[in-house]
Amino acid sequence: MNSMIAKLAIAAAVIGCGLQAASAETANIWVRADGSNFMPRIVDAFNKAHKDQIKLDIIPNAEIIPKYGAAAAGGTAPDALSLDLIYTPSFAAAGQLEDITDWAKSLPYFSSLSPAHVKTGTYKGRIYGLPFSADSSVLIWNKKLFKQAGLDPEKGPTNWAEIEADAEKVNALGGDIKGFYFSGNCGGCNIFTFTPLIWASGGDILSEDGSKATLDSPQLRGAIDLYRSMVKKGLVPAGAETDVGHDFFAAFATGKIGLSPSGAFAIGALNTQYPDIDYGITFLPGKDGGWSSFAGGDNFVVTKGTKKIEVVKEFLDFAYSLEGQTILAKYGSLPVRGDIAKEALKDLDPRYQVAAEAMAKGKTPYSVVFNDLINSANGPWTQMINEVFFGDDVDGAIANAQETMQSIIDQAPQK
Amino acid sequence: MTSIAATASSARARKLVGVSRRQWVGLLYVLPAVALVTVFFVIPLGMTAWMSLNNWPLMGEHAFIGFDNYVAILRDNRFWNALKFTFYYTVIVTIAIFAVAFPLAIFIERPRPLTNLYRTAFFMPAVVGFASASLLWSWLLNVDSGLFSPAALDLGLTEKKVNLLATFQPAFWSIIAMVVWKVAGFTMIILMTGLQSIPQDLQEAAVIDGAGPFARFRAITLPLMRRTLALALILSVAGSILAFDQFYIILRGGPRNQTLTAVYWIFNQSFVSFKLGYGAALSMVLLLILVALSLIQLWLLRKPEGLD
């Protein structure tokens, strides 16, 4: 009975609109709180310029996954969402996402979209996610402290030995000033800023397809020794050992830290919230030079079966335009279209160019169980980094993590 | 729950001799409670039981798999380790709470100057939510910006800043201290009502008979407080077996996953690994353990034959 009435109402509405082929529609989009700066701006710009509209909901970072799962089960999922890119494989594996391969490949600029995003957005050869926002990992240093310590404030370290030497010199200033900072109990922070040290030296922690854990590489061991040595020499504040990420950015922002691995997001945050801190930005180096970066940020994914897919595509197309990319860049994300990145960034802080360059060569581990392995506060990666940086049994911790990781990978649902 | 069951069974018994109007009215009064229990306890419990028999991911289709989840629990070492830690914590924290709450209850039981002030002060932390209290303590315990470590340094108790949360023993005992601070006041009030219900003339008679304070405590106070103790003990044990907030907020299960509790593991399996069905099965196992523990406690502290 109700559905009859609904059908009649829809019919009446259609007749009421006459024969207009496309009446304005509204699509619902979710974004995690990390995007709360740039997302509303770009949605506003889109809504002003288009007949179709986007309704945006901002969801706390930690809640977006369970909330989306519950909404999908109850049939109230949004039409699309901007999702931490590392989750795209597991969402695609769950059969939750719309296959957008044909549309994606029809985009004239498809080949210049952030390769790391497209790689994580691809599952079994089909594309389920496209890049939306981007964040690369970089090394930042405090120029004022470098000067005080007698270092060249314009020159950041370019290999591991220089990192340690610079940190030591800054640390020697004494008082509350420390040479180096990292969040020692935060898996997500360290996959973002610690693995690039390993990648830049030729090692890795996971095989290319995510089917093997490779923690027993000598490059990992070398990077661990660098961090251990700095901890042992007292270059790192005591709080780092238990920091689950709260001070990932905040520690450097106090102005009492010489060097800290961080992300492109720090540029915007420092410029707007801590304008007094003079800082430099460089790549995360390998043992003897070279560099690498994590490619982070969000993929844009479409809920399977949505009826608003045309609106969603229209919106994404707008986000990829120069106007869209410029808005994103201005409010805290790196551009995801390599071909127009320079143009989108041209009026912004020149330090963004370093981050953008890092992004273009950025790397993202691929796994359907990334959350279990890496991001979980109780997963094997988080436990291992804490043990190897601060504990006594490095080899045991690595062996244990290698075994646990491999068993989680092996038990993952194979579809 | 028990009162509802009791009402229902006594109503059934009297049906044989005809149910009076009064009893129907009584039944009407408990209906809202029955409805609440049904909606918020019986139905969710039934759903949890059903989910536990399915492979139920957070996203995507679920499929019936019978008892596979329960079989998987048998091999889940990390769950059994979490359970072991939970029991260890429960024993320690319960002893600690009683060790603090009992003397406090005796201290504030009889009116004397400032008793009301003490009662309020001791009880105050109990009204703070566990999550808020955990946030407060996670700040107090912070090595750089908190209170304890910088204060110890300033007072010359330590030579350098000590990160209390970085190794197991200090981290574990910090949590125990926080929980005792938060819960002892509540347990104290329960024990105090028990103490106050002991007739004063019994104590006086014992004094006349020449019993010392310790003998009076053992022979009069303790036996007459059996029920109160049972209540306080069950509340403490059930609360501790279900501990989650403080370990999640202050320690995140750390240092190095040494303080993962059973509920924490259920949470992880459900919302980090996205295995809701498996989480439901773990919840059912924990529920059974809790029911068994409560029954054992009730039996141990049952009223001895012949007393009153």
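Computed from a prediction, not measured in an experiment: that's the story for all the values here. Computation of the quantities below employed the complete heavy-atom set of this structure, encompassing side-chain atoms and omitting hydrogens, waters and symmetry-equivalent molecules.
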Contact winner vs chain A - B:L251, B:N163, B:V143, B:L276, heavy-atom pairs under 4.5 Å: B:N163
Proximity of A:F194 and A:F389 rings by center, below 6.0 Å: yes
Side-chain donor-acceptor contact under 3.5 Å, B:N257 with A:N378: yes
Centroid-centroid distance, A:Y87 to A:F370, less than 6.0 Å: no
Among A:I408, A:D372, A:D243, A:D247, residue most engaged with chain B (heavy-atom pairs, under 4.5 Å): A:D372
Side chain / backbone / both / neither for B:L260 at chain A, heavy atoms under 4.5 Å: side chain
Side chain / backbone / both / neither for A:E387 at chain B, heavy atoms under 4.5 Å: both
Flag for A:T303-A:D79: side-chain donor and acceptor within less than 3.5 Å: no
